[in-house]
Amino acid sequence: MAIIVTFTFPGAGQELYDAVIERVTDGQGFTQFADLGNPGLISHAAGQGDDGFHVTEIWESVEALEAHAKTFGPILADLGHADVQPTILPAHKVVVH
């Protein structure tokens with residue numbers, strides 16, 4: 001079952017997001033899902049809010065997200081954001097372009 005995952009990083013800005021992407025992709029950048037190295041990502045959006053930086057993704061399953069978390073979890077911890085827990089919801093419908 002697909003899931004909707006939202007991370008909110010209070011007080012953080014685009015610099016944190018860029019640093020995570022830099023490390024996750026070994027400096028190659030993120031222009032396609034394959035750049036992340038873990039299958040299962042369906043959709044990704046990120047942006048600045050008044051309360052911090054937000055990342056919302058759709059994953060094919062909880063298991064796919066958990067596999068990816070093994071990569072980005074330690075990176076977030078290293079950057080001082082180990083305590084950020086995502087909101088995870090079951091997706092009722094997913095439509096992609």
Side-chain angles (χ1 to χ4, degrees):
M1 169 190 284
I3 58 169
I4 302 165
V5 182
T6 301
F7 288 90
T8 299
F9 300 93
Q14 184 176 334
E15 300 79 20
L16 172 64
Y17 175 83
D18 291 343
V20 171
I21 294 299
E22 176 79 12
R23 291 189 190 190
V24 168
T25 66
D26 293 325
Q28 299 301 307
F30 178 36
T31 59
Q32 57 187 349
F33 294 152
D35 294 336
L36 297 181
N38 294 308
L41 183 62
I42 296 171
S43 177
H44 174 92
Q48 187 69 50
D50 291 338
D51 58 344
F53 203 80
H54 301 266
V55 177
T56 299
E57 299 176 323
I58 300 174
W59 285 87
E60 290 177 353
S61 66
V62 170
E63 293 79 16
L65 172 63
E66 288 172 346
H68 184 60
K70 292 177 184 175
T71 301
F72 75 81
I75 292 169
L76 287 176
D78 188 48
L79 294 172
H81 292 274
D83 58 337
V84 173
Q85 296 297 313
T87 300
I88 301 174
L89 305 169
H92 172 70
K93 179 175 249 180
V94 177
V95 177
V96 295
H97 182 239

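Everything numeric here is computed off the predicted structure, so don't read it as measured data.
Taking each heavy atom of Gly13 and Gln48 in turn, the nearest pair found is CA-OE1, 3.1 Å. Heavy-atom minimum distance, Ala64 versus Gly40: CB-CA, 4.0 Å. Contact detail for His44 and Ala46: the closest heavy-atom pair is NE2-CB, 4.1 Å.
Contact annotation: the side chain of Asp35 never approaches that of Gln28 to less than 4.5 Å [non-hydrogen atoms, C-beta and beyond].
In the hydrophobic clustering, where aliphatic and aromatic side chains (Ile, Leu, Val, Met, Phe, Trp, Tyr) are joined below 4.5 Å either directly or transitively, Leu76 groups with Ile3, Val5, Phe7, Phe9, Leu16, Tyr17, Val20, Ile21, Val24, Phe30, Phe33, Leu36, Leu41, Phe53, Val55, Trp59, Val62, Leu65, Phe72, Ile75, Leu79, Val84, Ile88.
With values rounded to the nearest 0.5 angstrom, Met1 atom CE is found 11.5 Å from Glu63 atom CD.
Applying the side chain to side chain contact (heavy atoms under 4.5 Å, CB included) test to Val95 and every residue at least two apart in sequence or in another chain returns Lys93.
With no hydrogens or angles considered, no side-chain donor-acceptor pair links His81 and Asp78 at under 3.5 Å.
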